[in-house]
Structures are given as structure tokens and as C-alpha cells.
Amino acid sequence: MTNSITQQRDCKYELIRVLSIFFIVCNHTSGIIPLEDPIHQYLSPLLLLSQTGVALFFFLSGRFALRKILNTDEEYKTFYFKKAIYLILPIVFYMILQTTLKHFRTYGITLDGLASTIISDILFDHVKTHFWFVTVLVGNILIAPFMAKAINELTKNMALVFVGLGILHNTIFAYSPYFTGVEYVWTFPFAQWSIYFYIGGCIDKIITTPRDKKIAIILGVIGVCIITLKTLFFSYQKYLHDLMPSFTFFSIMIYILLQGINADAWSAKAKKIIYFLGKRSFGIYLVHMIAILGVVRIFPEQWNELPVVLFYLINVLLAFICSIILSYLADIIILNPIQNLLVRLRGKKE
């Protein structure tokens, strides 16, 4: 089979990319609202939707990464070179930036112990922050050229079984502590959050008819009902918003519904904005926690007296705008010059 399933990114998927990162900012900004505040009940539908942001990001990453087939040694060299400078370099840069800011905030403007802290954070401690996402993403991206060949050959039923095995593993993993009182330690290489990456690569093979779409939406509605009931009436909520199948099917439903948006019919100016934000989305993700914490700190104290919903929405918008600006400045001032230099150096060596 050839690259027939490879498709160019279009405005519809760039819009989903923008919405996914906006959802993530909404979700992480919700930490400013005390959990005991009754406003959480009114914001719960928005917050539940916002929690699908990471899943959507994984879906899109898998969709595009698992559709490009590489055939020659030169294509593999180019692929890994690009991932080194356009994926790993920005990740390391923002990890160092966040560690440095945290170090300065804790110990003052001093370099003592900074280098060892940076190494420790990159290798381990950053997995406790929003950078956990890239610790899952990078490995899957790096093996994508090999997995793409396999995914490309799957039939509809094969893709359904492949994805089903990952969801089944996550189901057992998520519910074992509740039913048995112990953690499930068996492993499956395409489970945990990685299954969302591979769902993104397989979903267009699985959902091919209007009937398939209806079934997926029904499962999503059932999923959101289960999540809501568990939130209201059950004490066991571990993995409720990540690995439980109810959340997986809810996220798939949101992804399918967003695919139905006809963004290509929008005005040229609107599409230009979407493409700009879509291009910035990964950088926005990497820097958004710095922006969120920064926005909270610069708020005048009297702003805390604003209605909670208004205070929350202002934080979200400011954090999102700041993330766009910071990622753009980091690109044009630091990352792009380094990336362009490395590209030129590679060209000279060849």
C-alpha cells in the first residue's frame, strides 16, 4: 500500500489544534478556583470539555505522524534531524526556562545548583508538571515512521482490534485499584496515554460510515453521563479524566464533532489567524504554565473581588494571549535562529 492515506493538513484540523490548546489553558487555569467554591458546579460542563484538550492534541499528533511513509535512508535522516531541531530542541529550551525561573524564584538570582536542577528536572521532575505530555509524545513521534508502515496496512477490523486492546488495557488499569485494592502492573506498549496517539492514527480507518459515526457519538454520550454520575455520586474517581474508557469515548466524540466544522468556508483572514495559532500551538503548550502563573501574580489584589467566573475567564484569556506572545518571541529571538543555523550547517556538510 502506498501513501494514499496521507493527507495535507487543512483548516479544519488546524482549528481543532487551536481549540485543543485553548482547552488545555482553560483546564490548567481552573486551578485558581477553590475546589470548595460552588461555582465549580456551574463551570463543570466547560471544565469537562476543557479536559479533552490533551486527548485532542494526541489525536492530531497521531493522525499526522502515522500517515507519512518514509522509504529511503535519506528520508529517515531528514525526519530525525527535523524532530531533533523542531521538536526536542523547543522542549529542552522551555524545560530549562521553567526550571531557571523556578530556581530564581526560590533561591534568588544565583546559578548555584542550577545546572544539576536542570538535569534532574529534564530527566525526572518535569514529568510531574505539564511536561508529562511530551515525555509520552516524543517516544511515539520517534517511532512513528516504523509504526506508520504498520498502521497503513491495517484493515478496519484490524485497526478496531488494535485500538480496542489499548482501551481494554486502560480499563483494567483504571478499575483494578477499585475492585481489587491493588495496582495493575501488566504493561501494553500502546496503552496509557499512548493509545490516544494511535487512536488518532486509526480513527479514520475505524469510523468510515454514518453508522460508525453515530455509534461513536452514542458511546461518547454514554461516557459523559458516566463521568457526570461518578463526579456526583462516587468517591472513586481515579483516572476519571484520562484513562477510563468513558473519558476516551467522550474525547473521541468531541474530536468527531469538531471534524464536522467546515472551517475551509471561513474568510481568508479567519483562516490566516487559525493557521498562525495552529503553528504556535506546540509552543503555547510548552510555555502556557509560565504564562498562567505569571498572570496570577500580576493581577491587582482587588481583582480577586471580581465574580469568580469573570475572574476565571479573564485569567484564561490573558494566559492564552501571553502564551501566544511568549512562544512567538521565543521562536523569532531564540529558537528560529538556532534552527536556521543548524539547517544551514547540515546543508554545508552534505
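Along the sequence shown, the residues carry numbers beginning at 1. As the structure is a prediction and not an experimental result, all values here were calculated from the model.
Side-chain contact, H126 with T99: a donor N or O sits under 3.5 Å from an acceptor N or O. Side-chain polar atoms of T248 and Y196 form a donor-acceptor pair below 3.5 angstrom. No side-chain N or O of H288 forms a donor-acceptor pair with one of H130 less than 3.5 Å apart.
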TODO: Could you give me the CA-CA distance, side-chain angles and deciding distance for I252 and L219, then say whether side-chain contact (heavy atoms from CB on, under 4.5 Å) is met?
DONE: CA-CA 9 Å; I252 291 173; L219 290 174; over 6 Å; no
- [ ] Determine, stepwise, if the pair R17 / I274 fulfils side-chain contact (heavy atoms from CB on, under 4.5 Å).
- [x] CA-CA 9 Å; R17 195 183 306 278; I274 291 171; over 6 Å; no
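Closest approach of S327 and G283 over heavy atoms only: CB-C, 3.7 Å.
Using a 4.5 Å heavy-atom threshold, the side chains of L142 and K83 count as touching. Using a 4.5 Å heavy-atom threshold, the side chains of L47 and Y312 count as touching. Residues F197 and L66 have side chains in contact (heavy-atom distance under 4.5 Å, counting atoms from C-beta outward). Within the 4.5 Å cutoff, the side chain of Y275 has heavy atoms near those of the K271 side chain.
Between F133 and Y285, the angle of the ring planes lies from 30° to 60°, which puts this pair in the tilted group. Using the six-membered ring where Trp is involved, F247 and W193 have ring planes that are perpendicular, over 60° apart on the 30 and 60° scheme. The aromatic rings of F179 and Y175 sit tilted, their planes meeting at an angle between 30° and 60°. Using cut-offs of 30° and 60° on the angle between ring planes, the pair Y178 and Y236 is tilted.
Cluster membership for Y86 and L60, using ILVMFWY side-chain heavy atoms within less than 4.5 angstrom, is shared. Hydrophobic clustering (side-chain heavy atoms under 4.5 Å, transitive across Ile, Leu, Val, Met, Phe, Trp, Tyr) keeps F234 apart from F173. Residues I167 and I222 do not share a hydrophobic cluster, defined by chaining ILVMFWY side chains whose heavy atoms lie under 4.5 Å apart.
Taking the six-membered ring for Trp and the full ring otherwise, F190 and H169 have centroids separated by 6.0 Å or more. Between Y76 and F146, the ring centre distance stays below 6.0 Å.
Looking at K68 and E75, no side-chain N of the basic residue comes within less than 4.0 Å of a carboxylate O on the acidic one, giving no salt bridge. Between D125 and K102 there is no salt bridge, since no side-chain N of the basic residue sits under 4.0 Å from a carboxylate O of the acidic one.
Environment of OH in Y80: crowded, with over 12 heavy atoms of neighbouring residues, nucleotides or ligands closer than 6.0 Å. Atom NZ of K272 has 12 or fewer heavy atoms from other residues, nucleotides or ligands within 6.0 Å. Within a 6.0 Å radius of NZ in K214, no more than 12 heavy atoms belonging to other residues, nucleotides or ligands are found. Counting non-hydrogen atoms of neighbouring residues, nucleotides and ligands closer than 6.0 angstrom, the NZ atom of K213 reaches no more than 12 such neighbours. Around the CZ atom of R211, the shell of radius 6.0 Å holds no more than 12 heavy atoms that belong to other residues, nucleotides or ligands.
Within the 3.5 Å criterion, the main-chain N or O of L154 finds a donor-acceptor partner in the side chain of K205.
Here the options are F23, Y255, F59, the test is side chain to side chain contact (heavy atoms under 4.5 Å, CB included), and the partner is T52; only F23 passes.
Atom OH of Y198 is separated from atom CZ of F58 by 10.5 Å, given to the nearest 0.5 angstrom.
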